[in-house]
2 protein chains.
Amino acid sequence: MADISRPSASPGASPLFLREDEIRRGVELLYFGYTRLTNAIDQELGKQGLGRAHHRALYFIARQPDLTVGELLRLLAITKQSLGRVLKELHDRDLVVTKTGSLDRRQKLLRLTDKGAVLESELFAQLRERLSAAYVTAGQESVTGFWHVLEGLVPESDRQMVFDLRKEKS
Amino acid sequence: MADISRPSASPGASPLFLREDEIRRGVELLYFGYTRLTNAIDQELGKQGLGRAHHRALYFIARQPDLTVGELLRLLAITKQSLGRVLKELHDRDLVVTKTGSLDRRQKLLRLTDKGAVLESELFAQLRERLSAAYVTAGQESVTGFWHVLEGLVPESDRQMVFDLRKEKS
DNA sequence: GAGATATGTCAGCCATGTTGACGTATCTTG
DNA sequence: CAAGATACGTCAACATGGCTGACATATCTC
């Protein structure tokens with residue numbers, strides 16, 4: 001059993017070992033790709049005294065203005081207490097505003113202020129720089145492959161939520 | 001400027017907006033794909049009283065037996081104090097052993113114990129399940145595209161280190 | 001032998017997640 | 001319309017896993 005964690009790299013390795021190596025390659029690239037991409041914005045965030053948790057909230061609010069608190073909670077998959085702290089800080093810094101929902105007055109709709117939008121787009125610019133460089137190097141075909149594999153990693157139950165980010169709110 | 005963070009979805013959108021949407025799609029899929037994949041092993045880790053930090057160390061030690069502490073530090077990109085805590089816990093639980101380097105006696109070479117190898121392969125099985133399902137759904141061409149884009153996200157300075165994981169130690 | 005390097009460790013701090021409990025406003029339903 | 005469900009907020013305590021700074025030891029290199 002212990003051998004499974006150490007595949008042979010010999011030329012005649014069995015299909016099982018090749019498969020293992022392909023999986024490990026994916027795990028590692030996903031780890032390094034994701035962490036190095038997020039590292040790209042840490043310096044900028046640090047200047048503002050914010051952390052990654054703040055960026056995730058800013059990002060999704062930018063992506064879908066008038067997002068409700070509940071929707072954001074589902075996207076981030078954290079507790080409302082954790083999110084509450086983050087939203088409070090964003091609000092205190094005039095980066096985010098909330099307004100009462102018009103259809104359901106219990107809901108709070110989230111939006112970036114102008115200041116928040118400026119910050120988010122500065123952060124996004126860093127992500128764009130890295131990701132578009134990777135897209136260009138890899139080519140359009142690779143990019144669609146990249147998307148397909150990642151879509152397959154999102155559990156069925158979350159997939160609609162993720163796809164809906166690309167739509168305008170109704 | 002604020003508009004940049006909210007692309008139009010209209011059919012006649014300019015190339016700039018299409019480009020933005022492609023970047024955001026990648027950011028989101030990378031976020032959801034990575035976090036959902038790592039979620040897959042949280043339950044198993046919890047049973048052992050370990051966290052993700054422990055898994056990352058276990059993973060890389062499994063991947064490259066006789067890895068030195070310094071190499072692991074560079075892979076994880078954390079401080080030696082943080083790693084020290086993790087390695088101590090893994091050692092206390094008989095999951096990892098160290099031996100003095102033969103070429104350079106200052107180094108400590110890290111290896112999994114049999115018990116550690118069993119645990120790592122159980123965790124890896126979860127990752128394999130998710131990732132291979134995504135590979136199969138997407139198809140081999142998509143998988144190579146997935147790898148190419150992610151390789152482009154790893155900074156030049158880290159790339160050799162990441163590629164070297166696939167080799168045996170000399 | 002002097003200085004650089006690899007590793008370990010103490011101590012304290014911070015960011016960001018968790019659980020549990022409880023309050024208020026608003027919507028929905030019998 | 002009253003009762004219960006839902007959306008949101010908040011207090012308090014705690015866990016994980018990062019961080020900095022300071023300092024010690026063994027070993028290697030020149």
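Rounded to an integer number of Å, the gap from Leu109(B) CG to dA6(C) P is 13 Å. The distance from atom CG of Leu76(B) to atom P of dG18(D) is 8 Å, rounded to the nearest whole Å. Between the CG atom of Leu73(A) and the P atom of dA7(D) there is a distance of 11 Å, rounded to whole Å. Atom NZ of Lys88(A) is separated from atom C1' of dT16(C) by 16 Å (rounded to the nearest Å). Going from atom CD of Gln81(A) over to atom C1' of dG9(D) covers 9 Å, rounded to whole Å. We find that CG of Asp92(B) is positioned 14 Å from C1' of dG8(C), with the value rounded to whole Å. A straight line from NE2 of His91(A) to C1' of dT10(D) spans 16 Å, rounded to a whole angstrom. In this structure, the CG atom of Leu87(A) is 7 Å from the P atom of dG9(D), given to the nearest Å.
No more than 12 heavy atoms of other residues, nucleotides or ligands sit less than 6.0 Å from atom CD of Glu141(B).
Under the salt bridge (charged side-chain N to carboxylate O under 4.0 Å, His left out) criterion, Arg159(A) pairs with Glu156(A), sequence neighbours left out. Checked against salt bridge (charged side-chain N to carboxylate O under 4.0 Å, His left out), Glu71(A) has the following partners two or more places apart in sequence or in another chain: Lys169(A). With sequence neighbours excluded, no residue forms a side-chain hydrogen bond (donor to acceptor under 3.5 Å, both in side chains) with His55(B). Applying the salt bridge (charged side-chain N to carboxylate O under 4.0 Å, His left out) test to Arg52(A) and every residue at least two apart in sequence or in another chain returns Asp42(A). Remark: Arg56(B) engages no residue in a salt bridge (charged side-chain N to carboxylate O under 4.0 Å, His left out) (not counting sequence neighbours).
Heavy-atom nearest nucleotides on DNA chain C were determined for Gln107(B) and for Leu83(A), and the one closer to the 5' end corresponds to Gln107(B).
Counting non-hydrogen atoms under 4.0 angstrom, Gly84(A) reaches nothing in the nucleic acid.
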(message) Protein within reach of the bases, or only the backbone? For nucleotides 22-27 of chain C, mark each nucleotide 5' to 3' as B, S or -, using heavy atoms under 4.0 Å.
(response) ---BBS

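Helix-axis bend for the helix from dG1(C)-dC30(D) to dG30(C)-dC1(D): the local axis fitted to the five terminal pairs at one end deviates from that at the other end by 30°, rounded to 10°.
Using a 4.0 Å cut-off, no side-chain N or O of Lys108(A) falls inside it from OP1 or OP2 of dA7(D). Considering only side-chain N and O atoms, Thr79(A) lies under 4.0 angstrom from the phosphate OP1 or OP2 of dT18(C).
Every pair passing side-chain hydrogen bond (donor to acceptor under 3.5 Å, both in side chains) that includes a residue from residues 84-96 of chain A is listed here, sequence neighbours excluded: His54(A)-Glu89(A), Lys88(A)-Asp92(A). The ring-ring contact (aromatic ring centres under 6.0 Å, His included) pairs that include a residue from residues 132-169 of chain A number zero, where partners must be two or more places apart or lie in different chains. For residues 25-34 of chain B, the side-chain hydrogen bond (donor to acceptor under 3.5 Å, both in side chains) pairs, not counting sequence neighbours, are Tyr59(A)-Glu28(B), Arg63(A)-Glu28(B), Glu151(A)-Arg25(B).
The backbone N or O of Ala134(B) sits nowhere less than 3.5 Å from a side-chain atom of Thr137(B) that would complete a donor-acceptor pair.
For the 3.5 Å distance criterion, the side chains of Thr79(A) and Ser82(A) qualify, holding a donor opposite an acceptor.
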Can you tabulate the close N/O pairs, meaning under 3.5 Å, that link protein atoms to atoms of nucleotides 15-17 of chain D?
residue	atom	partner	partner atom	Å
dG17(D)	OP1	Arg52(B)	N	2.9
dG17(D)	OP1	Ala53(B)	N	3.4

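Taking a 4.0 Å limit (strictly below) on heavy-atom distances, residues 31-43 of chain A does not reach DNA chain C anywhere.
For Asp164(A) and Lys167(A), the salt-bridge test passes: some basic side-chain N is under 4.0 Å from an acidic carboxylate O. Contact check on Arg74(A) versus Asp158(A) returns no salt bridge, with no Lys/Arg side-chain nitrogen under 4.0 Å from an Asp/Glu carboxylate oxygen.
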(message) Evaluate Gln107(B) against Asp104(B) for side-chain contact (heavy atoms from CB on, under 4.5 Å), listing each step before the verdict.
(response) CA-CA 6 Å; Gln107(B) 295 181 330; Asp104(B) 184 336; 3.9 Å; yes

